[in-house]
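First comes the structure, then the notes that go with it.
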4 protein chains.
Amino acid sequence: MLAARRDEILVAAERCFARQGFHQTTIQDVIKESGLSAGCIYGHFTGKDDLIQAIGERRHARDAALLDRAQGISDPLEGLRSIARTSLADLHREEGLRSRRIALQLWAEALRDETVHRQVTSGVHRPVAEIVKLLRRGQRGGQIDPALNPRGIARSMVAMFQGFVLQRLWGEPFSTAEAMAAFELFLSSLVVKGAR
Amino acid sequence: MLAARRDEILVAAERCFARQGFHQTTIQDVIKESGLSAGCIYGHFTGKDDLIQAIGERRHARDAALLDRAQGISDPLEGLRSIARTSLADLHREEGLRSRRIALQLWAEALRDETVHRQVTSGVHRPVAEIVKLLRRGQRGGQIDPALNPRGIARSMVAMFQGFVLQRLWGEPFSTAEAMAAFELFLSSLVVKGAR
Amino acid sequence: MLAARRDEILVAAERCFARQGFHQTTIQDVIKESGLSAGCIYGHFTGKDDLIQAIGERRHARDAALLDRAQGISDPLEGLRSIARTSLADLHREEGLRSRRIALQLWAEALRDETVHRQVTSGVHRPVAEIVKLLRRGQRGGQIDPALNPRGIARSMVAMFQGFVLQRLWGEPFSTAEAMAAFELFLSSLVVKGAR
Amino acid sequence: MLAARRDEILVAAERCFARQGFHQTTIQDVIKESGLSAGCIYGHFTGKDDLIQAIGERRHARDAALLDRAQGISDPLEGLRSIARTSLADLHREEGLRSRRIALQLWAEALRDETVHRQVTSGVHRPVAEIVKLLRRGQRGGQIDPALNPRGIARSMVAMFQGFVLQRLWGEPFSTAEAMAAFELFLSSLVVKGAR
DNA sequence: GATGAATGAGCCTTCATTCAT
DNA sequence: TATGAATGAAGGCTCATTCAT
């Protein structure tokens with residue numbers, strides 16, 4: 001099937017990109033990695049940029065799926081914990097790391113490529129919206145201080161996670177436990193004294 | 001003078017790199033931007049990689065200077081605030097932003113280039129060490145909960161700032177005030193109740 | 001076919017090298033001469049050095065073939081004459097001259113390039129060995145003075161021929177007849193008086 | 001003095017050329033080797049070609065001096081031996097070898113550069129003329145067979161020596177004794193039976 | 001005269017892309 | 001669809017030469 005071949009190419013490209021970055025990876029590299037031919041690749045993608053963009057979409061979809069999996073918990077604080085836990089756990093799986101290596105390339109690429117920029121920012125907006133929703137519910141339920149600005153807090157949480165990703169990719173000795181502890185600390189500052 | 005010419009080249013390269021990224025920037029671009037000739041540039045740098053590395057060092061030095069400026073406050077909490085404030089404020093200066101655009105490139109480059117990797121991680125270690133020092137002093141002074149793990153918190157603070165940088169670079173509507181508020185919130189969770 | 005294309009390139013390169021020398025010939029020259037493209041040439045050779053080496057091998061093979069053709073004569077003195085005649089005759093064919101022009105380049109290149117050096121010296125050893133064999137047979141057969149050192153004589157004969165090549169390449173008015181006469185003279189000094 | 005400085009440059013250039021060949025040697029190499037500056041070299045020579053030509057002249061002069069030293073012997077056969085001995089001996093002095101390394105470059109260069117060509121061929125004509133003179137004297141004196149063609153023999157002797165130079169430069173195990181023995185053999189074929 | 005930083009034409013090489021098979 | 005040889009624009013870099021000091 002066509003989609004299968006397309007996926008083969010994408011998987012090969014992803015491996016190359018994760019290893020060498022977008023601009024250091026040549027089409028020849030992807031050809032070798034995939035075991036296919038130049039013509040074949042150009043039959044499925046219009047060019048290298050198209051390939052990069054498709055990889056971007058893949059990553060985008062993967063993050064969305066990760067977030068979906070973390071949802072469905074009604075308690076706001078537990079919901080936040082779930083998102084944090086799921087995200088941090090992913091940083092310890094081989095595939096998660098490879099995906100983040102590509103994410104980092106895309107983060108940089110977003111400064112120049114409008115399409116990538118849209119993908120990357122919408123990759124921020126989704127979790128921010130999700131977290132905002134949970135925070136609002138917590139404020140309505142009296143667990144979370146109603147004076148707080150949900151948007152700012154959500155963004156900060158996402159920011160912290162992004163920094164975790166970076167430090168993890170650089171091989172810094174920063175454990176999930178430490179990260180989770182810091183997150184809990186942050187969480188504790190949101191909670192109304194006496195509540196849960 | 002020789003060093004002056006070298007600097008001219010670096011400034012031009014920095015402008016190019018911030019605009020187009022390392023690998024999209026050609027030496028020809030740097031030549032045009034600097035108004036110099038190819039031979040002149042190769043008289044001061046052994047090649048493009050050398051130029052990238054020199055730019056990395058520049059950035060490294062800039063961040064170190066920024067941190068130096070934020071220091072010298074004896075009160076631990078005030079010290080932490082000072083670091084946060086100085087860093088966030090820098091994100092609103094033209095030059096600070098341009099420097100961060102390059103930082104983001106370097107963050108990605110660090111995955112492949114050992115020298116850049118060292119520069120980048122030591123750019124994390126310095127502020128982490130500084131923050132750890134302040135936290136420890138706060139713990140000894142009774143202002144900060146002695147049960148907390150300073151290293152993990154410091155890393156989380158740096159992580160949060162790194163995320164702020166990303167979001168700022170992507171043009172996300174995230175104000176310094178919001179960022180500072182989130183930081184204060186985080187800070188509040190460290191403080192022993194009753195202590196200020 | 002691949003080998004055919006490779007040969008096309010070599011023929012073009014040979015023409016260029018014979019005309020301008022290795023180091024004055026640019027890849028651009030070979031491109032023009034062959035009517036192919038840069039990429040195509042680099043698809044068949046790793047670079048200019050590879051091309052030079054391949055040309056060296058070609059020359060080497062050509063000389064070996066020439067020598068093969070001159071062999072198969074059982075009488076020692078006639079065998080020597082055959083080698084001399086064949087070699088000298090080749091200096092009057094267009095293709096032989098072009099090949100020698102390249103040989104001269106290679107002779108000089110051998111001072112710096114180990115691979116070329118090996119090719120060139122083995123291009124001396126082959127005929128020396130052949131001549132030594134004939135001389136020994138002549139000595140055993142009583143035609144040639146047994147007191148003579150075959151190796152030294154063989155080397156001297158080859159040396160003389162190399163000098164003929166040089167003078168011919170420089171356009172010196174030195175006829176095959178003169179060269180052959182000198183060779184006969186040399187030959188006569190080897191022959192035992194009274195023997196054929 | 002000016003000429004002294006000029007010589008300094010030539011000596012440095014000669015060392016570079018002998019080591020790397022004309023076209024692999026950059027002016028930068030000569031600058032380093034001489035310890036002088038670019039401007040200084042261009043004050044004494046109009047360019048690289050001029051330098052090569054001056055080196056060629058130096059070589060030419062050196063060979064002429066060598067030949068001069070070998071002369072002055074009235075007996076024809078002894079005169080020929082003297083020339084051969086002097087030339088072969090020079091191949092075992094460090095300076096002689098270095099000079100021949102450059103000669104080999106020039107031999108190749110002569111195929112393209114008219115000026116070098118003239119130098120090189122006149123470097124053949126001089127000894128040929130000298131040898132012819134000796135042979136003629138020998139013929140008139142009855143020592144040498146009057147039927148022989150002096151010009152052809154002289155050229156062959158020079159040719160043999162040129163081949164010796166080549167083999168020596170390539171590090172071939174060819175001793176002066178062997179070369180001299182072969183020369184004597186050749187000489188013996190010229191001599192009228194019964195004469196000296 | 002001497003210096004050496006600067007010039008810039010031109011070299012070697014790569015690599016995204018095409019297209020006949 | 002798939003192949004892979006061929007294309008050629010463009011990139012990084014070198015090096016002979018100049019010229020202000």
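Each chain gets a letter, A, B and so on, in the order the sequences are listed, and its residues count up from 1. Heavy atoms only: backbone and side chains are in, while hydrogens, waters and symmetry mates are out.
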query: Looking only at side-chain N and O atoms, does Tyr42(B) come under 4.0 Å of OP1 or OP2 in dT14(F)?
result: no
Looking only at dT17(F), dT14(F), dA6(E), the nucleotide nearest the Ser37(B) side chain is dA6(E)
Exercise for the section: May I ask you to say what Ile27(B) touches in the nucleic acid, namely base, sugar-phosphate or nothing, with a heavy-atom cut-off under 4.0 Å? Expected result: sugar-phosphate
Atom CD of Gln28(D) and atom P of dC13(F) are separated, to the nearest Å, by 18 Å
TODO: Using modelled atom types only, decide if a donor and an acceptor are shared between the side chain of Asp29(A) and the backbone of Thr26(A) within a distance under 3.5 Å.
DONE: yes
Any base atoms under 4.0 Å from Gly43(B), or only sugar-phosphate, or nothing? Heavy atoms, all strands.
nothing
Any side-chain N or O of His44(B) below 4.0 angstrom from OP1/OP2 of dA6(E)? yes
From NZ of Lys48(A) across to C1' of dT14(E) the rounded distance in Å is 11 Å
The side-chain hydrogen bond (donor to acceptor under 3.5 Å, both in side chains) partner of Gln119(A) among Glu109(A), Glu114(A), His60(A), Glu57(A) is Glu57(A)
(message) Between Phe22(A) and Leu51(A), is there a side-chain heavy-atom distance shorter than 4.5 Å?
(response) no
Phe45(A) CZ to dA2(F) C1', in whole Å, measures 15 Å
Of the candidates dT3(F), dT7(F), dT3(E), the side chain of Cys40(C) sits closest to dT7(F)
So, with a heavy-atom separation below 4.0 Å from DNA chain E, the residues of residues 7-26 of chain B are none
Between Trp170(C) (side chain only) and Trp107(D) (backbone N and O only), is there a donor and an acceptor less than 3.5 Å apart?
yes
Interatomic distance, OG1@Thr46(D) vs CD1@Ile41(D), rounded to 0.5 Å, equals 12.5 Å
One should report the stems of DNA chain F, each a stretch of at least three consecutive Watson-Crick or G-U pairs at distances under 3.5 Å, as E:2-21 with F:2-21
Heavy atoms, side chains only, cut-off 4.5 Å: are Leu111(B) and Val116(B) in contact?
no
Check ion pair Arg98(B)-Glu95(B) (N to O, under 4.0 angstrom): no
Sorted by chain and number, sequence neighbours left out, side-chain hydrogen bond (donor to acceptor under 3.5 Å, both in side chains) with Gln28(D) holds for none
Comparing nearest nucleotides in DNA chain E, the 5'-proximal residue of the pair Gly47(A), Ile41(D) is Ile41(D)
Can you tell me if the side-chain N/O atoms of Arg5(C) get under 4.0 Å from OP1 or OP2 in dA5(F)?
-> no
Check: Do Arg19(B) and Glu33(B) meet the salt-bridge criterion of a basic N to acidic O distance under 4.0 Å?
Finding: yes
Asp50(B) atom CG is separated from dG12(F) atom P, nearest whole Å, by 14 Å
Whole-Å distance, Asp49(A) CG to dC15(E) C1', equals 14 Å
Taken to the nearest whole Å, NZ/Lys32(C) to P/dG10(E) is 11 Å
